[in-house]
Novice: 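This is the structure I have questions about; it appears just below.
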Amino acid sequence: MCGRASLALDEDELTAYLQSVGVPAAPTRRRPRYNIPPQDDLLLFTELGDHRRESRMMRWGLVPFWAKDPSIGRKLSIARAETVATMPAFRSAFKKRRGLIVIDGFFEWHRDPDGSKTPMRIARPDNAPFTLAGLWETWGEGDKRLITCAIITTTPNDLMAPIHDRMPVILTGAAQDAWLDPTAKVGSLQDLLIPDPSDTLHAYEVSPLVNRSSNDGPECWFPV
DNA sequence: CCAGACGTTGTT
DNA sequence: GTCTGG
DNA sequence: CCAGACGTTGTT
DNA sequence: GTCTGG
């Protein structure tokens with residue numbers, strides 16, 4: 001699940017949001033994104049130490065530092081909260097390279113009993129940004145250097161349960177600080193990886209235009 | 001010892 | 001069925 | 001996540 | 001890098 005995200009808000013709104021969570025304004029130019037698939041770029045911020053935070057665009061699909069071939073990243077876009085701390089592909093990033101991924105919505109495909117799939121968008125009613133628990137890695141050197149990331153999924157909250165059996169981990173407020181804290185213990189980190197309790201999201205059906213990731217415009221958000 | 005995997009989803 | 005491209 | 005390809009020879 | 005399977 002959660003194989004698509006969005007981040008369409010304008011630079012001023014994004015800058016204001018980043019400042020509100022202690023991140024200097026993103027230096028890179030960014031265009032509105034309504035339909036972001038795996039292997040495309042997500043905006044992630046992390047804590048370097050002494051509470052300094054930094055944001056960057058990172059490719060979605062984690063390539064561990066030890067990978068011989070970066071194509072492994074295609075398989076590593078989602079980690080499960082239940083196993084992320086111990087999985088060989090994720091555990092070192094879980095210990096040392098946690099981050100928060102800024103989005104303003106994500107998509108889930110609801111499967112009906114007859115097998116048909118209905119795309120749904122999950123967002124705040126005002127499309128304000130929020131953050132997902134993420135992991136990141138650097139791989140390779142020079143021209144080959146890649147910076148990649150993955151999201152973490154958990155069980156659904158009341159909003160998501162009718163739609164799907166998994167949802168991304170959404171962190172707000174003190175949980176954001178706790179997730180980024182370099183000194184955090186595994187147990188306390190694990191306690192953060194729970195279904196979103198904030199009750200600030202809504203879900204609505206959107207057009208199947210979102211199925212095709214090359215459709216990256218507002219039509220992907222239109223309610224059906 | 002070396003070779004090969006390292007993930008999730010959903011469907012059967 | 002499985003992999004790659006988006 | 002979904003959509004689309006899944007092959008080779010030899011020609012432009 | 002580290003673990004599992006052979």
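Just so it is clear: chains get the letters A, B, ... in the order the sequence lines come, proteins before strands, and each one is counted from 1. Note that this is a predicted model, so its numbers are computed, not measured.
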Novice: So A/Ile122 and A/Glu108, do their side chains get closer than 4.5 Å, heavy atoms only?
Specialist: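 Sidechains of A/Ile122 and A/Glu108: in contact.
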Novice: Can you name the one residue among A/Asp10, A/Asp216, A/Asp41 that meets salt bridge (Lys or Arg N to Asp or Glu O under 4.0 Å) with A/Arg33?
Specialist: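 Passing option: A/Asp216.
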Novice: Just how far, in rounded Å, is C1' of B/dT8 from CD1 of A/Ile72?
Specialist: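 Roughly 13 Å, once rounded to whole Å.
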Novice: Under a 4.0 Å threshold between the charged nitrogen and the carboxylate oxygen, would A/Asp40 count as salt-bridged to A/Arg4?
Specialist: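 Answer for the salt bridge query: no.
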Novice: Would you write the dot-bracket representation of DNA chain D, where each base gets (, ), [, ], | or . depending on whether it forms a Watson-Crick or G-U pair under 3.5 Å and with which partner?
Specialist: ||||||......
Novice: I need the CD-P distance between A/Gln39 and D/dC2, as an integer number of Å.
Specialist: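 In whole Å, D/dC2 P lies 16 Å from A/Gln39 CD.
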Novice: Taking the side chain as everything from C-beta on, heavy atoms only, tell me whether A/Glu205 gets closer than 4.5 Å to A/His110.
Specialist: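 In short, these two side chains do not touch, never coming nearer than 4.5 Å.
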Novice: Please check if A/Val84 and A/Val186 belong to a single hydrophobic cluster, counting links between Ile, Leu, Val, Met, Phe, Trp and Tyr side chain heavy atoms closer than 4.5 Å.
Specialist: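 Yes, A/Val84 connects to A/Val186 through the hydrophobic network.
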Novice: Classify the nucleic acid contact of A/Ala79 as base, sugar-phosphate or nothing, counting any heavy atom under 4.0 Å across all strands shown.
Specialist: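 Answer is sugar-phosphate: A/Ala79 comes under 4.0 Å of backbone atoms only.
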Novice: For DNA chain D, which residues of residues 205-214 of chain A approach it to below 4.0 angstrom with any heavy atom?
Specialist: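 Contacting residues: A/Asn211, A/Arg212.
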Novice: Nearest whole Å is fine: how far is B/dG7 C1' from A/Leu62 CG?
Specialist: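 Value for this atom pair: 11 Å.
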Novice: Any heavy-atom pair between the side chains of A/Arg98 and A/Leu135 that's under 4.5 Å?
Specialist: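 Yes, at least one pair of side-chain atoms sits under 4.5 Å.
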Novice: Evaluate the side-chain proximity of A/Ile151 to A/Trp60: yes if any heavy-atom separation is below 4.5 Å, no if none is.
Specialist: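 A side-chain contact exists here, since the closest heavy-atom pair is under 4.5 Å.
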Novice: Using a strict threshold of under 4.0 Å (side-chain N to carboxylate O), is an ion pair present between A/Glu13 and A/Arg30?
Specialist: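 Salt bridge between A/Arg30 and A/Glu13, a charged N being under 4.0 Å from a carboxylate O: no.
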Novice: Quick one: does A/Phe130's side chain get under 4.5 Å of A/Asp196's, heavy atoms only?
Specialist: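 They are not in contact (no side-chain heavy atoms under 4.5 Å apart), so the answer is no.
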Novice: Just how far, in rounded Å, is P of B/dT8 from CD of A/Glu108?
Specialist: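 Checked: the CD to P distance equals 15 Å.
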Novice: Using the C1' atom in both, what is the distance from B/dC6 to D/dG7, to the nearest Å?
Specialist: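 Here B/dC6 and D/dG7 have their C1' atoms 31 Å from each other.
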Novice: Report yes if at least one side-chain N or O of A/Arg74 is closer than 4.0 Å to OP1 or OP2 of B/dG7; otherwise report no.
Specialist: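 No.
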Novice: Please list residues of residues 81-103 of chain A whose heavy atoms come under 4.0 Å from any atom in DNA chain E, ordered by number; otherwise none.
Specialist: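 DNA chain E contact set from residues 81-103 of chain A: A/Pro88, A/Arg91.
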Novice: May I ask you to say whether A/Arg121 pairs ionically with A/Asp104, meaning some side-chain N is under 4.0 Å from a carboxylate O?
Specialist: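 A salt bridge links A/Arg121 with A/Asp104.
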Novice: Provide, to the nearest angstrom, the distance between the CH2 atom belonging to A/Trp66 and the P atom belonging to B/dG4.
Specialist: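 Going from CH2 in A/Trp66 over to P in B/dG4 covers 15 Å.
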Novice: Provide the distance between the two C1' atoms, one in C/dT2 and one in D/dG10, to the nearest whole Å.
Specialist: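 Between the two C1' atoms, the distance is 29 Å.
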Novice: OP1 or OP2 of B/dT8 less than 4.0 angstrom from a side-chain nitrogen or oxygen of A/Lys75, does that happen here?
Specialist: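 So the side-chain polar atoms of A/Lys75 never come under 4.0 Å of the phosphate oxygens OP1 or OP2 of B/dT8.
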Novice: Compare every heavy atom of A/Ala184 with every heavy atom of A/Ala178, then report the nearest pair and how far apart it is.
Specialist: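 In this case the closest contact between A/Ala178 and A/Ala184 is O-CB, 3.8 Å.
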Novice: Looking only at the side chain of A/Arg80 (C-beta and beyond, no hydrogens), which of the listed nucleotides B/dT9, B/dG7, C/dG6 gets closest?
Specialist: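 Side chain of A/Arg80 sits closest to B/dT9.
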Novice: For the pair made of CZ in A/Phe106 and C1' in D/dC1, what is the distance, rounded to whole Å?
Specialist: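 In whole Å, D/dC1 C1' lies 13 Å from A/Phe106 CZ.
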Novice: Between B/dT9 and D/dC2, how far apart are the P atoms? Round to whole Å, please.
Specialist: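 Rounded to whole Å, the distance is 13 Å.
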Novice: Distance check, P atoms only: B/dA5 and D/dG4, in whole angstrom units.
Specialist: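 30 Å, rounded to whole Å.
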Novice: As an exercise, state the distance from CG of A/Leu42 to CZ of A/Arg59, rounded to the nearest 0.5 Å.
Specialist: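 Atom-to-atom, A/Leu42:CG and A/Arg59:CZ are 11.5 Å apart.
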